[in-house]
Amino acid sequence: MSLEELYREVILDHYRNPRNRAALASPMATAEGVNPLCGDEVTVEVELTDGVVTDISVRGQGCSISQSSASMMSEAIKGKSIEQIAELEHQFKAMLSTEDGQIELDPEQPGSVLGELEALQGVKNYPVRIKCASLPWATLHDALS
Amino acid sequence: MIADVGLHESTWAPIPARFEAGTPAIIESAGLVAAIEYLEAVGMQAVMSHDRALTEYALGQLSEMDDVTVFGPKDLATRGGVISFAIRDAHPHDVATILDEQGVAIRAGHHCAKPLLRGLGVPATARASFYVYNTRDDVDALLTGLQRVRQLFAR
């Protein structure tokens, strides 16, 4: 696992051009997350209609892993139901090895299981950075509870 | 620490015994003595000049890099061998991971000094610091390591 694999183009793209940053006019749910040891910050706002996320905003400041993860998450959950999001969160954590559960990624077909989120699979080899990648998901979890 | 202990209430010894709970830090005290003897053998003047020489070298090199900001005073008389810095386009965490892969250990984050960092207007900094066992080669390793950061984060 090389640094090039950790910092692959997808991650750098999301870091430099983060998606869904515009604040929502009247979000139904919102939460702020912080990694106290390092200062990464993420604020998540969601709009829900009949249990489906119809709009999302993620803002914050921090390292490339936390901010790109927030951006990728925002794209992954748009249009999904709360149940689907819970399943996706579980799969993402399994990919980072922070939760039990198997997730089989197909190296022949990158992105076929978790889409762009698979770009963060390298983070599990850098344990100190796992909290960076999971911060947005923990914050989203708080917003939706 | 205690005068008397009950199931629901306790009473306390007078100060200072009141704040001494249980067995004192015996092992830590032994360690502290060993550390003091070690440094006295090196000589604190020698410790200071070594620290200053490395800091002067590092600050000199870092100030030549126009994508690096060094925080804190440049005057060696008013600073020690702890250098907080930032490099353009790369967050300190990312700098730390990349340097780590090259065998260079720095700290990154707010260093338990959030109000200071807020005052400096930055969310986090990278921080290199030196001890008696560090050498100029270690500083060079840091500087070389920053090249790798530029490689990965170059726009």
Side-chain angles (χ1 to χ4, degrees), chain A residues 1-18 21 32-43 58-72 96-98 119-139, chain B residues 67-72 82-129 140-155:
Chain A
M1 166 57 52
S2 68
L3 286 173
E4 275 83 4
E5 282 162 344
L6 177 63
Y7 287 108
R8 49 184 65 178
E9 282 310 309
V10 174
I11 293 176
L12 290 176
D13 177 41
H14 277 270
Y15 182 47
R16 289 176 183 146
N17 308 294
R21 300 285 278 196
E32 286 172 19
V34 164
N35 268 338
L37 293 186
C38 65
D40 287 336
E41 293 170 3
V42 171
T43 299
V58 287
R59 290 190 303 288
Q61 57 178 1
C63 67
S64 66
I65 302 299
S66 67
Q67 303 306 302
S68 65
S69 178
S71 173
M72 286 185 226
L96 296 183
S97 300
T98 57
L120 289 167
Q121 64 183 286
V123 175
K124 72 172 178 289
N125 297 303
Y126 295 83
V128 169
R129 311 300 298 279
I130 289 178
K131 276 233 155 80
C132 304
S134 53
L135 174 64
W137 289 89
T139 311
Chain B
D67 59 351
V68 172
T69 307
V70 173
F71 301 97
V82 178
I83 303 178
S84 264
F85 66 96
I87 184 167
R88 195 170 55 222
D89 295 336
H91 188 277
H93 271 169
D94 298 306
V95 176
T97 294
I98 295 165
L99 288 177
D100 176 44
E101 283 290 292
Q102 299 170 86
V104 177
I106 62 161
R107 299 308 300 264
H110 51 70
H111 316 293
C112 301
K114 257 195 150 153
L116 172 60
L117 264 67
R118 219 169 262 136
L120 290 172
V122 289
T125 69
R127 193 182 72 190
S129 54
D140 288 335
L142 169 68
L143 302 168
T144 307
L146 292 179
Q147 264 306 103
R148 189 84 169 98
V149 174
R150 292 184 185 104
Q151 236 170 34
L152 287 162
F153 277 82
R155 289 183 174 250

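Lettering of chains follows the sequences in order, A, B, ..., and the numbering in each one begins at 1. Both backbone and side-chain heavy atoms feed into the values below; hydrogens, waters and symmetry mates do not.
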* Residues A:Arg129, B:Asp94: salt bridge by 4.0 Å N-O rule ->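 The answer is yes: the pair qualifies as a salt bridge.
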
* Audit row: B:His93, A:Asp40, side chain to side chain contact (heavy atoms under 4.5 Å, CB included) steps and yes/no -> CA-CA 9 Å; B:His93 271 169; A:Asp40 287 336; 3.3 Å; yes

* When heavy-atom pairs shorter than 4.5 Å are enumerated against chain B, which of A:Ser66, A:Cys132, A:Cys63 gives the highest number? ->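 The answer is A:Cys63.
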
* Asked: Should we count CZ of B:Arg107 as having more than 12 external heavy atoms under 6.0 Å?
  -> no

* Asked: Is it the backbone or the side chain of B:Asp89 that comes under 4.5 Å from a heavy atom of chain A, or both, or neither?
  ->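 For B:Asp89, backbone heavy atoms alone lie under 4.5 Å from chain A.
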
* **Smallest separation among heavy atoms of B:His91 and A:Ser64, with atom names** =>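 The pair with the smallest heavy-atom distance is CB-N, 4.5 Å.
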
* **Closest non-hydrogen atom pair, B:Phe153 against A:Arg16** => O-NH2, 2.6 Å

